[in-house]
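One structure is given below, represented as C-alpha cells, and several questions about it will come after.
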Amino acid sequence: MRRLGFSPRWNEIKRSGIHLLSEVLLPYREPYGFSHRLVTAAYRRLLTETEYADSRQVENLQLLRLKKILKTAGKIPWWKDHFANAGLVLPVSKLNDLEKLPPVTKYSFSGISRAQFASRFFPGHPRLLLHRTSGTTGAPFEWGVDRNTLFVETASYLHRAITWFGIPIRGKYPFIATFVYWSYAVPGIEMWWNPVASSEPRDFVRMLRMMRENNSRVLFSYPTNLLLFAKKLSELRERVPLELALATGQRLNDEDRAYVEKALGCPVGNLYGSREFGQMAIECPQRHHWYHINSERLLVEITDEVGKRLPDGVEGIITITSLENHAMPLIRYQLGDRGRIIPETCPCGRTLPLLEFFGKDMDFIRLPNGGIIPFRHINLVVLLQFFDEIEFYQIVQASLYRLIIRLKLKNRASPDFEKRFLQKLRVYVGNELDVSFEYPDSWNISEGRKMKVFIPLATY
C-alpha cells in the first residue's frame, strides 16, 4: 500500500530533530543496546514513510542530502582538491552531476593524514568514532563517523530488516545474538566461538546457554559463521528458539541458506553491508537476492572502472556515496563489489531501488589463463560432498598457479580422501593450478571475527 504525504524537505527536518534528540540522550545509553528507544522508534517511523514513496520523491530527498554532504566535503582539503581537479562546481542541481567525479577507493587515501580527510568539526572530537578495516584487501583503512549518527542508524536499519521478515520488536533488550563485531548500536549479546580452537566444545555449549538465557530470537552473523553454527547444531542435534537469522558481510547462496534454515528451524535473510557504510541494503523477504537499497542514507550507482554510470540491469562496480557521514565523507567510493540495479518492480510493493549483489571481485579463484571461478561453487562442493568428513577447511590462493587446501578433519582421513577431494575440485578449476594439502595445528581467524574459508590471491 502506497503511503501519501511524504515530503523530502519535511523528512529531512524530522531526521535532524531525531539526531538532536539522540545528542541529548546519548549519555544514558546502556552497555548493550539502544536504551533511548524513543529515538530509534522515531527514526524507524520516518523510514516507513519512504519505503513505499514515489521514487522521484526519494530522489529529491537524496539530492537534498547530497547537496549538504558535498558542502561539507567542499571544506575538507582533500575533497576540495578532488572536486577542483574533476571540475565539479557546487551546488549540484541533479544527482547525475556526481558522475563528473572519478570514483575513489581506500587506496585513494593512502598516506593521507586524518586532518586532510576529516571535517574540521570532528578531528579529535569525542563524537568521532574511528573505524578500521581489517586489511583483508591488502590496504588497511581508517575512517570516522559521527557516533550519534551511527548509533541511530545501525539500530534503526537493523530493526527495519527484522520487521520486514515479520519479527515484532517487543520485550526487553537484548533479543539479538551476534557473531559480528561488537557495536553498541546493536541491541544484543556478543558471542565468540572458534570452531577450530581446543576449547570449542565447551565454548559452543556456553554460547547456546547464553542465547537461551537471554531469549535471543534473532541471530546476526557472517554467512560463514552462520553455516558453521548450523552445521554444529545439526551434529549435536541441538535446537535454539530462533525466529530469524540475518547474514551480512558475504553473499549467502541458496544451497547454504536452505541448509541453515533447516538446521535452525527459522527463515534466513541477507543484509548487504560494509564496515565503511553499515547496512546498505536489505534482501526482500519475498524475493531471494533482490536487495532494497537504504536510499534514505546512501546513493548507490553501478559504474564502469572509470566511474561512468551504467544503465539499469547492466552489471558493473557498485559505487556508493554516503549521504549521512559528515565527519569523514565517502563520495563515489568503490568497495570492490559487483552488482546491478534491477529495473523490475518488486512483488512486495516497496519502491526502494532494487540491487542484485554478485560479490566482491576478490571472491573468485583466478586462473593463469585469465579466467575466474566463483568461490561459492567450490564451497558448495565441499559442503555437499565432504560434510561428514571435514570439521573446518580453508582454501588459500597462494599464487596465480597454486592453491593450498587447509583442513581439519573429524577423524583420520581415509586413504583416498585427498584424491577424491582433488577430483571434485578439478571439475571447477581445471588442471592449470597446482594443489597441495595442509593440516595445521593452529588457525589464524581473521580480525573482525569473520571465519574466512577463502583467502584470495589479492590478500595472501
Side-chain angles (χ1 to χ4, degrees), residues 8-9 12 55-123 128 133 137 139 141-146 149 274 276-277 280 293-341 343 353 355 361:
R9 191 166 295 278
E12 181 69 4
S55 60
R56 290 170 298 181
Q57 293 177 303
V58 176
E59 288 172 2
N60 288 338
L61 174 62
Q62 289 180 312
L63 180 59
L64 182 66
R65 304 197 70 191
L66 177 62
K67 289 179 179 179
K68 292 177 65 176
I69 205 75
L70 291 177
K71 183 178 179 181
T72 298
K75 298 176 182 178
I76 298 173
W78 191 92
W79 283 110
K80 184 178 180 180
D81 292 342
H82 189 61
F83 292 170
N85 293 336
L88 182 69
V89 179
L90 303 181
V92 297
S93 59
K94 55 185 184 297
L95 295 175
N96 287 345
D97 288 346
L98 206 59
E99 194 172 347
K100 297 177 182 178
L101 280 181
V104 299
T105 67
K106 63 181 67 179
Y107 300 99
S108 304
F109 306 107
S110 176
I112 297 174
S113 68
R114 194 186 307 163
Q116 293 176 289
F117 185 44
S119 167
R120 64 187 178 90
F121 297 107
F122 284 96
L128 182 64
T133 63
T137 59
F141 176 51
E142 179 186 77
W143 78 103
V145 293
D146 175 356
T149 295
S274 72
E276 292 94 329
F277 294 99
M280 297 184 288
I293 301 170
N294 292 326
S295 295
E296 305 90 349
R297 60 185 300 268
L298 298 165
L299 179 62
V300 177
E301 306 169 87
I302 304 298
T303 71
D304 61 15
E305 288 74 10
V306 297
K308 181 180 178 182
R309 187 179 294 191
L310 300 176
D312 290 354
V314 177
E315 179 186 344
I317 301 170
I318 299 175
T319 304
I320 305 168
T321 297
S322 170
L323 303 175
E324 187 67 77
N325 187 3
H326 287 262
M328 288 187 177
L330 292 174
I331 301 166
R332 302 207 89 200
Y333 183 91
Q334 295 181 340
L335 293 160
D337 296 346
R338 299 188 66 83
R340 70 182 183 103
I341 297 295
L355 175 72
D361 279 340

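Only heavy atoms go into these numbers, but all of them, side chains included; no hydrogens, no water, no symmetry mates.
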Considering non-hydrogen atoms only, spot the tightest contact between Gln57 and Pro8 and give its length.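 Closest heavy-atom pair between Gln57 and Pro8: O-CG, 3.3 Å.
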Quick one: side-chain hydrogen bond (donor to acceptor under 3.5 Å, both in side chains) partners of Glu315, sequence neighbours excluded?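 side-chain hydrogen bond (donor to acceptor under 3.5 Å, both in side chains) check on Glu315 returns Arg338.
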Does any non-hydrogen side-chain atom of Pro353 lie less than 4.5 Å from one of Val300?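 In short, these two side chains do not touch, never coming nearer than 4.5 Å.
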Got a second to check how far Leu330's CG is from Thr321's OG1, nearest 0.5 Å?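 That separation rounds to 9.0 Å.
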Decide yes or no on side-chain contact (heavy atoms from CB on, under 4.5 Å) for His326 and Ile69, but give the supporting numbers first. CA-CA 6 Å; His326 287 262; Ile69 205 75; 3.6 Å; yes
Under the side-chain contact (heavy atoms from CB on, under 4.5 Å) rule, collect the residues that match up with Val92, sequence neighbours excluded.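 Listed in chain order: Leu63, Leu66, Lys67, Leu70, Leu88, Leu90, Asp97.
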Step by step, work out the side-chain contact (heavy atoms from CB on, under 4.5 Å) result for Val104 and Ile331. CA-CA 8 Å; Val104 299; Ile331 301 166; over 6 Å; no
Listed partners of Ser295 passing side-chain hydrogen bond (donor to acceptor under 3.5 Å, both in side chains), at least two apart: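 Testing Ser295 for side-chain hydrogen bond (donor to acceptor under 3.5 Å, both in side chains), a comparison that skips the adjacent residues, returns none.
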Using the salt bridge (Lys or Arg N to Asp or Glu O under 4.0 Å) criterion, which residues pair with Glu324? Sequence neighbours excluded.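 Residues passing salt bridge (Lys or Arg N to Asp or Glu O under 4.0 Å) with Glu324: Arg15, Arg65.
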What's the shortest heavy-atom distance between Leu310 and Gly316, and which atoms?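 Closest pair (atom of Leu310, atom of Gly316, distance): CD1-CA, 3.8 Å.
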side-chain contact (heavy atoms from CB on, under 4.5 Å) involving Pro102 - partner list, sequence neighbours excluded: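 Checked Pro102 against side-chain contact (heavy atoms from CB on, under 4.5 Å); matches are His82, Ala86.
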Check whether any side-chain N or O of Arg297 sits under 3.5 Å from a backbone N or O of Phe277 as a donor-acceptor pair, and report yes or no.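 Indeed, once roles are kept as given, a pair shorter than 3.5 Å links the two residues.
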Decide side-chain contact (heavy atoms from CB on, under 4.5 Å) for Ile318 and Ile302; before the verdict, give the C-alpha distance in whole Å, the side-chain angles of both, and the deciding distance to 0.1 Å. CA-CA 5 Å; Ile318 299 175; Ile302 304 298; 3.8 Å; yes
Could you give the distance from OH (Tyr333) to OG (Ser108), rounded to the nearest 0.5 Å?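 Result: 8.5 Å between the selected atoms.
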What distance do Thr319 atom OG1 and Leu299 atom CG have between them, rounded to the nearest 0.5 Å?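 Reported value, rounded in 0.5 Å steps: 10.0 Å.
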Salt bridge (Lys or Arg N to Asp or Glu O under 4.0 Å) with Lys68: which residues, sequence neighbours excluded?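 Testing Lys68 for salt bridge (Lys or Arg N to Asp or Glu O under 4.0 Å), a comparison that skips the adjacent residues, returns Glu12.
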Closest heavy-atom contact between Pro343 and Asp312?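 Pro343 and Asp312 have their closest heavy atoms at CB-CB, 4.2 Å.
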Less than 4.5 Å apart, side chain to side chain, heavy atoms only: is that true for Ile293 and Met280?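 Not in contact.
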How would you list, by chain and number, every residue that makes a side-chain contact (heavy atoms from CB on, under 4.5 Å) with Glu59, sequence neighbours excluded?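 For Glu59 the side-chain contact (heavy atoms from CB on, under 4.5 Å) partners, ignoring immediate neighbours, are Gln62, Leu95.
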Strictly by salt bridge (Lys or Arg N to Asp or Glu O under 4.0 Å), give each pair with a member in residues 79-88 just once, sequence neighbours left out.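 Residue pairs with at least one partner in residues 79-88: there are none.
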For Glu301, side-chain hydrogen bond (donor to acceptor under 3.5 Å, both in side chains) partners two or more places apart: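 Partners of Glu301 under the side-chain hydrogen bond (donor to acceptor under 3.5 Å, both in side chains) test: Arg309, Arg332.
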Are the side chains of Ile320 and Glu276 in contact, using a 4.5 Å heavy-atom criterion?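 No, side chains not in contact.
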Not counting sequence neighbours, which residues clear salt bridge (Lys or Arg N to Asp or Glu O under 4.0 Å) with Arg56? List them please.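 Partners of Arg56 by the salt bridge (Lys or Arg N to Asp or Glu O under 4.0 Å) criterion, ordered by chain and then number, come out as Asp54.
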Over all atoms of both residues, closest heavy-atom pair of Phe83 and Ala73: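 Closest approach of Phe83 to Ala73, heavy atoms only: CZ-CB, 3.8 Å.
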Looking at every non-hydrogen atom in both residues, tell me the closest pair between Asn325 and Ser322 and how far apart they are.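 The answer is N-OG, 3.1 Å.
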Among all residues two or more places apart in sequence or in another chain, which pass the side-chain hydrogen bond (donor to acceptor under 3.5 Å, both in side chains) test with Arg340?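 Checked Arg340 against side-chain hydrogen bond (donor to acceptor under 3.5 Å, both in side chains); matches are Glu356.
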Parallel, tilted or perpendicular: which describes the rings of Trp78 and Phe109, with under 30° parallel and over 60° perpendicular?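 If you compare the ring of Trp78 with that of Phe109, the planes turn out tilted.
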Please step through side-chain contact (heavy atoms from CB on, under 4.5 Å) for the pair Leu355 and Ile341, ending with a clear verdict. CA-CA 5 Å; Leu355 175 72; Ile341 297 295; 4.2 Å; yes
